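Please read the structure below before turning to the comments.
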2 protein chains.
Amino acid sequence: MSHHVGEDIRSLRKSRGMTLLELAGDVGRSVGWLSQVERGQTTPSVRDLGQISDRLGVNISFFFRSASRAPEERGLVLRAADRTPIGSQESGLVEELLSPTLSGSFEMIKSTFAPRSSSGGRRKARPKEDGGVLISGRLTLIIGDREIRLEPGDSFQFRETDYAWRNDGDEPAIAIWIVSPPIY
Amino acid sequence: MSHHVGEDIRSLRKSRGMTLLELAGDVGRSVGWLSQVERGQTTPSVRDLGQISDRLGVNISFFFRSASRAPEERGLVLRAADRTPIGSQESGLVEELLSPTLSGSFEMIKSTFAPRSSSGGRRKARPKEDGGVLISGRLTLIIGDREIRLEPGDSFQFRETDYAWRNDGDEPAIAIWIVSPPIY
DNA sequence: AAATTGAAATTTTTAATTGAAATTTCATTC
DNA sequence: GAATGAAATTTCAATTAAAAATTTCAATTT
């Protein structure tokens, strides 16, 4: 009874705007069953969970990121060693989830921007608010019509949905990035 | 016309749950006047602003933290050099606002916990959500009945309103702390 | 004349309804 | 026991109404 993959499934499903009906249909199970899985009343088979994770676009290992930790701290802390890459198919950008749970009102992400790289086009996105602090390296943000060059220690926050980034430097740029509401 | 102290005043007032009527009364001015000040249609005198900042519990210099920066980046970026201590009368804890504006849906704070110090009693607080990443040092969080020892790189997130902290180490603990909704 | 007030006009917020959609429950089937 | 499917329940989004808060601006004060 220790693993509540259900809570993660629910958050991922919601952040993607899917209903029980849709996800259950996609993985070939009933709405009632998925409801029970999400609430921890039924344990899905590994095969079921594999289908679910495929459909939600995460690796199945994501559900077990804190598996080796004491149950009391699961969902409350995420240890540095347990962070997993998530999302972001963009080359040049590696995102690791810092939030121990997906069900909060905001999400914390460690973003690493490769040297000499930049985001592709602009982002299409739901209305959300972004913010962050540059920890190391250099990073240029293009927000609206403004171009902002960040140095370590600088912080930022904005609601523009279309923005882009660029790392002109020779070293990776590392930022703590905050998104609200959650995107994963 | 460059300084919009009004926006900060409005955010601080709201985060403290005050109405125009209350704050205006406390500083001996009319509601209409304060409304104009907050919307940048009237500039308060330095004396008025002093009274307002006293009542809101910030140093008057807070309103001018980004004064030397280009207007385009004000409210969007906060440069490392412009950070000011804010809030937290607690000894052992220094909080610096990272958010460039107070009007977002969350607030980013750099918290420095002195060696061998701890929070006094529990916190009384409005419902909010806290999260963060420990950047350096060691920090113990007491959340509900759980005691969590954090190492650098560990991240956390919770909604419990009563929590406490303790730094048993010999060096300061530095964390990036996120609060939603804003408290300042 | 510029700053400030105060009261009327307007906007925002809160609470209560309601119908639709989504979710939960649980007796039945596989 | 695992899973389904339909009935029961809950949640969500859209309305509406009343109260509270804010804005506006003509009048007053400095």
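Naming: A, B, ... by sequence-line order, numbering from 1 per chain. Small disclaimer: the values here were computed from a predicted structure and weren't measured.
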Query raised in the report: With a 4.5 Å heavy-atom cut-off, do B/F156 and B/W177 have their side chains touching?
Result: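 Counting from C-beta outward, B/F156 and B/W177 do come under 4.5 Å.
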Query - Heavy-atom side-chain contact between A/D130 and A/I178 under 4.5 Å - result: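 Result no, sub-4.5 Å side-chain heavy-atom pair not found.
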Query - Intermediate values then yes/no, side-chain hydrogen bond (donor to acceptor under 3.5 Å, both in side chains), B/E107 and B/S99 - result: CA-CA 6 Å; B/E107 233 158 44; B/S99 288; 5.7 Å; no
Report task. For each nucleotide in nucleotides 18-24 of chain D, reading 5' to 3', give B when a protein heavy atom comes within less than 4.0 Å of its base, S when such contact involves only the sugar-phosphate, and - otherwise. Result -> ---SSBB
Requested in this report: Could you tell me the separation between the CG atom of B/L34 and the OG1 atom of B/T19, rounded to the nearest 0.5 Å?
Outcome: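 Here the interatomic distance stands at 9.5 Å.
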Requested in this report: Please say whether the positively charged group of A/R65, taken as NZ for Lys or CZ for Arg, lies over the ring of A/F63, i.e. under 6.0 angstrom from the six-membered ring centre and within 45 degrees of the axis.
Outcome: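 A/R65 over A/F63 ring: no.
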**Report entry** Rounded distance in Å - CG (A/L23) to C1' (C/dA22)
**Finding:**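 Value for this atom pair: 14 Å.
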Query raised in the report: Can you check the B/D48 CG to C/dT4 C1' distance for me, whole Å?
Result: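 These atoms are roughly 10 Å apart.
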Requested in this report: Applying side-chain contact (heavy atoms from CB on, under 4.5 Å), name anything that partners B/R138, two or more places apart in sequence or on another chain.
Outcome: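 For B/R138, the residues satisfying side-chain contact (heavy atoms from CB on, under 4.5 Å) (neighbours in sequence not counted) are B/R149, B/E151, B/P152.
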**Report entry** Donor-acceptor side-chain pairing of A/D48 and A/S45 below 3.5 angstrom
**Finding:**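 Side chains of A/D48 and A/S45: pair found under 3.5 Å.
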Requested in this report: Note the angle between the end axes of the helix from C/dA1-D/dT30 to C/dC30-D/dG1, five pairs defining each, rounded to 10 degrees.
Outcome: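 What I find for the helix from C/dA1-D/dT30 to C/dC30-D/dG1 is an axis angle of 50°.
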**Report entry** Over all atoms of both residues, closest heavy-atom pair of B/M18 and B/E22
**Finding:**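 Reported closest heavy-atom pair: CA-OE2, 3.4 Å.
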